[in-house]
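The block underneath contains the structure these notes are about, expressed in structure tokens.
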Protein chains: 2
Amino acid sequence: MALFWEHGYERTAIADITAAAGVRSGSLYHFFATKEDVLTAVLEAYLQGLTPQVMGPAFAAAEDPLERIFAVLAGYRARILATEFRYRCPVGSLALEMQNASERARELVRENFAGWRAAIAQCVRDAAPALRENADPESLATFVLTVMEGGVMQAAAERDIARYDDSVRHLRAYFDTLERIDR
Amino acid sequence: MALFWEHGYERTAIADITAAAGVRSGSLYHFFATKEDVLTAVLEAYLQGLTPQVMGPAFAAAEDPLERIFAVLAGYRARILATEFRYRCPVGSLALEMQNASERARELVRENFAGWRAAIAQCVRDAAPALRENADPESLATFVLTVMEGGVMQAAAERDIARYDDSVRHLRAYFDTLERIDR
DNA sequence: GTCTATACCCTGATAGAC
DNA sequence: GTCTATCAGGGTATAGAC
């Protein structure tokens with residue numbers, strides 16, 4: 001996972017993986033038939049880690065459903081800073097790299113995105129009493145994921161957290177306009 | 001440019017490039033010292049093409065400065081559909097792939113992003129009379145680029161234009177809230 | 001400037017002993 | 001299950017004739 005995230009799939013050689021694991025190629029090929037099987041295993045691990053690693057900590061940090069959304073986004077901000085701008089969303093990066101890859105890999109990217117949006121959409125639904133009636137949870141979740149991916153990409157490319165912060169700030173301003181006026 | 005865009009930098013071999021060009025490797029290495037020099041030339045070409053290829057046609061399609069922004073975004077929508085969801089922003093894709101690449105390549109990615117944002121920021125400035133006074137052109141341009149990159153990524157990954165359309169629609173709704181109330 | 005030919009390394013993957 | 005050893009192919013890049 002770390003190697004694919006840091007260098008991408010193509011730039012990571014089997015030899016890099018076995019060296020990092022401290023084993024020889026025979027051991028790796030005992031468990032994985034091909035390099036692409038390693039990739040799908042990594043994407044499956046990301047899917048498994050979505051709730052415990054990404055959503056769980058953020059949801060624990062806030063009670064209010066809308067604040068939970070921005071706590072998730074704050075988590076990505078922390079990752080960017082902790083990695084000194086080397087952070088890229090692993091799913092998003094692989095999504096672009098795997099455009100012409102196996103159907104299984106592409107399906108796992110879709111599932112990762114869908115799971116991420118589902119968690120955010122639930123927050124929007126939980127916040128429904130405070131929102132206008134026409135606020136659509138699914139398309140808003142897509143919008144939040146869009147802002148995260150685009151903001152992370154720009155912050156990493158320019159090594160400037162302001163790109164991410166500006167993006168999230170405008171998203172917050174938009175959410176403010178969705179709140180009921182009579183509240 | 002086409003090969004890097006379609007398959008990415010790593011997956012494109014020198015032999016692929018020379019075959020597509022109908023020449024032998026000696027010819028390519030007469031003009032480019034290394035493969036990475038080919039990459040920087042491609043990124044320079046994207047920079048050169050920003051105005052004539054991306055901004056120009058969109059700006060010609062609309063007079064109103066805010067409509068020009070959404071005409072640019074409509075251009076990307078058309079590219080997604082015309083390529084049957086194989087379209088990825090070439091700069092964004094290379095930005096993620098080139099994270100650990102040469103400083104020159106990273107600088108060219110930054111310049112491409114900066115040029116894109118500058119054109120959008122100018123639209124916001126031109127629209128200033130219709131907008132609230134606190135509408136900041138630079139951070140709004142960042143936000144527009146964020147939405148484009150994130151929306152294109154999701155649409156390509158899921159082969160569903162709705163991801164892009166939802167993102168742009170919410171961006172439009174946000175811009176609507178930035179307009180002067182007294183107009 | 002373009003060609004042929006090739007060096008040389010690294011790639012994913014395999015065979016088979018232990 | 002893990003190891004050593006290695007294969008066959010493809011990778012970037014070069015040499016040198018024309």
Side-chain angles (χ1 to χ4, degrees), chain A residues 1-48 86 88 90-109 112, chain B residues 1-48 86 88 90-91 93-109:
Chain A
M1 289 173 79
L3 290 168
F4 285 173
W5 168 76
E6 180 99 35
H7 305 290
Y9 175 76
E10 292 288 339
R11 283 179 82 101
T12 301
I14 297 285
D16 298 331
I17 299 172
T18 53
V23 296
R24 256 42 64 194
S25 74
S27 302
L28 185 142
Y29 279 101
H30 177 74
F31 294 100
F32 302 96
T34 66
K35 186 185 177 186
E36 190 155 309
D37 279 11
V38 180
L39 171 69
T40 55
V42 163
L43 285 168
E44 281 163 2
Y46 278 124
L47 197 54
Q48 294 295 318
R86 289 196 312 279
R88 312 170 291 174
V91 178
S93 299
L94 290 174
L96 291 184
E97 198 174 352
M98 294 298 99
Q99 191 76 349
N100 299 312
S102 74
E103 184 51 40
R104 176 68 185 143
R106 297 195 60 256
E107 184 187 327
L108 279 165
V109 167
N112 269 283
Chain B
M1 290 174 79
L3 290 168
F4 285 172
W5 168 75
E6 180 100 35
H7 305 290
Y9 175 75
E10 292 289 339
R11 284 179 80 104
T12 302
I14 298 286
D16 297 332
I17 300 173
T18 53
V23 297
R24 256 45 61 195
S25 74
S27 302
L28 184 141
Y29 279 101
H30 178 74
F31 294 99
F32 302 98
T34 65
K35 186 185 175 186
E36 189 155 308
D37 280 10
V38 181
L39 172 68
T40 56
V42 164
L43 285 168
E44 281 163 3
Y46 278 124
L47 197 54
Q48 293 295 319
R86 289 196 311 280
R88 311 169 293 173
V91 179
S93 299
L94 289 175
L96 290 185
E97 198 174 352
M98 294 299 100
Q99 190 76 350
N100 300 311
S102 75
E103 185 50 40
R104 176 70 184 140
R106 297 197 60 254
E107 184 187 327
L108 279 165
V109 167

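Just so we're on the same page: letters track the sequence lines, and every chain starts at 1. For the numbers below, each heavy atom of this structure counts, side chains included, while hydrogens, waters and symmetry mates do not.
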With [X] via side chain to side chain donor-acceptor pair (under 3.5 Å) - residues at least two apart:
X: B/S102; result: B/E36
X: A/R104; result: A/E44
X: B/Q48; result: none
X: B/E10; result: A/R11

Quiz item: For B/Y29, which residues count as a ring-ring contact (aromatic ring centres under 6.0 Å, His included) partner, sequence neighbours excluded?
Solution: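 For B/Y29, no residue satisfies ring-ring contact (aromatic ring centres under 6.0 Å, His included) once neighbours in sequence are set aside.
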
Counting primed atoms, P, OP1 and OP2 as sugar-phosphate and everything else as base, the B/S/- map of nucleotides 3-18 of chain D against protein heavy atoms under 4.0 Å is BBB-----SSBB----

